[in-house]
Amino acid sequence: MCGIMQIRFTKMQGAGNDFVVLDETQARLGLSAAQYRYLANRHFGVGADQILTVRPAPSEGVDFEYVIHNADGGEVEQCGNGARCFARYVHDKGLTDKSVIRVQTLSGVIAPEIHGNGRVTVDMGAPQLDPVKVPFSTEGLQAETLGSAQKWPLTLDTPVQPATVWIAPVSMGNPHAVQLVDDVNAAALEVHGPLIESHTRFPQRVNAGFMQIVNRGEVNLRVYERGAGETLACGTGACAAVVAGIGWGLLDQRVDVHTRGGLLTIEWAGAAQDRVRMTGPAEFVFEGQIDIPDTL
Ligand SMILES: N[C@@H](CCC[C@H](N)C(=O)O)C(=O)O
């Protein structure tokens with residue numbers, strides 16, 4: 001017989017990238033991919049780009065485990081805007097009194113720091129610039145060099161005729177393909193975003209970033225996210241875009257990233273081992289309880 005599960009949740013957002021936060025510090029909910037999809041659904045569920053789950057520390061040296069599911073129900077390695085919301089959640093809910101929290105994710109440990117004004121800075125770790133490890137297949141491709149980094153051609157089977165875009169593959173724990181555009185508002189995100197997301201050269205699919213350089217300390221960015229579509233902001237996307245822009249010699253070490261949902265500030269010293277720091281907002285929206293079918 002079909003029953004229901006009652007689930008308590010908190011809705012949060014960071015620069016308009018919105019989340020359902022679930023607390024599994026006391027007990028696991030054991031949700032299926034379809035149940036995560038249901039929660040994220042904007043018509044039948046709560047509505048969110050990602051579902052963030054708080055779990056107890058899995059090992060010594062970390063404070064919590066941070067589990068991330070995209071709106072499509074798939075579990076992913078990293079989420080930058082979510083990391084800031086996660087930190088505010090565990091802090092403001094009294095799950096920790098630390099202001100610097102060490103958090104285990106699928107792709108390693110990150111360290112969010114909560115400031116007095118409610119903003120959060122996250123040490124996101126070092127970027128991965130080796131295409132093979134993003135992972136991105138370069139077989140048979142010829143890269144172009146710009147600054148100290150490379151751009152790779154990616155051919156897209158658009159409905160009209162094949163188009164080639166030039167991208168930097170960057171991993172921030174999760175995979176990104178960053179390209180330069182003249183104007184983010186005129187970028188072909190709706191058509192190219194889904195084609196890049198599921199391009200066969202990215203075997204784990206990819207988040208597609210479209211970056212317009214305003215000056216050496218400022219960019220405009222839109223991201224078509226893997227498993228979620230275009231979001232109002234993508235924290236790891238902002239980190240990856242700034243890393244690519246610095247590598248190409250176009251940006252300084254501290255960059256304001258304007259997204260459709262707000263401002264993120266990214267800092268990176270420019271060497272492969274240097275860690276990327278991201279600062280931005282993290283806000284509570286509302287709390288509630290939802291009934292979801294237990295047979296999904
Ligand atoms: N919104 C995120 C990224 C979430 C995961 C991403 N869609 C993926 O599949 O890798 C962020 O703020 O970083």
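In each ligand, atom 1 is the first atom listed, and ligand 1 is the first ligand listed. Note that the structure is predicted; figures quoted are calculated from it, not measured.
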Proximity to ligand 1 by part of [X], non-hydrogen separation under 4.0 Å:
X      : value
Asn81  : both
Thr231 : neither
Ile68  : neither

Between the main-chain N or O of Pro175 and the side-chain N or O of Asn207, is there a donor-acceptor pair closer than 3.5 Å?
-> yes
Tell me whether ligand 1 is touched by [X] - counting only heavy atoms on the residue side and a distance under 4.0 Å.
X      : answer
Cys234 : yes
Asn17  : yes
Arg205 : no

Given side-chain hydrogen bond (donor to acceptor under 3.5 Å, both in side chains), test His258 with Glu218 step by step and report yes or no.
-> CA-CA 8 Å; His258 300 281; Glu218 232 175 321; 2.9 Å; yes
among protein heavy atoms, the one nearest atom 6 (C) of ligand 1 is Asn207 OD1, 3.3 Å
Closest protein heavy atom (residue, atom, distance) for atom 2 (C) of ligand 1 = Cys79 SG, 3.2 Å
Return each pair, listed once, that meets salt bridge (Lys or Arg N to Asp or Glu O under 4.0 Å) where at least one residue sits in residues 157-166; pairs must be two or more places apart or across chains.
->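 For residues 157-166, and leaving out neighbouring residues, there are no salt bridge (Lys or Arg N to Asp or Glu O under 4.0 Å) pairs at all.
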Is there a polar contact between ligand 1 and [X], counting only N or O atoms under 3.5 Å apart?
X      : answer
Asn70  : yes
Thr236 : yes
Gly235 : yes

Mind checking salt bridge (charged side-chain N to carboxylate O under 4.0 Å, His left out) for Glu60 and listing every partner two or more places apart, or none if nothing turns up?
->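 By the salt bridge (charged side-chain N to carboxylate O under 4.0 Å, His left out) rule, Glu60 matches no residue at all.
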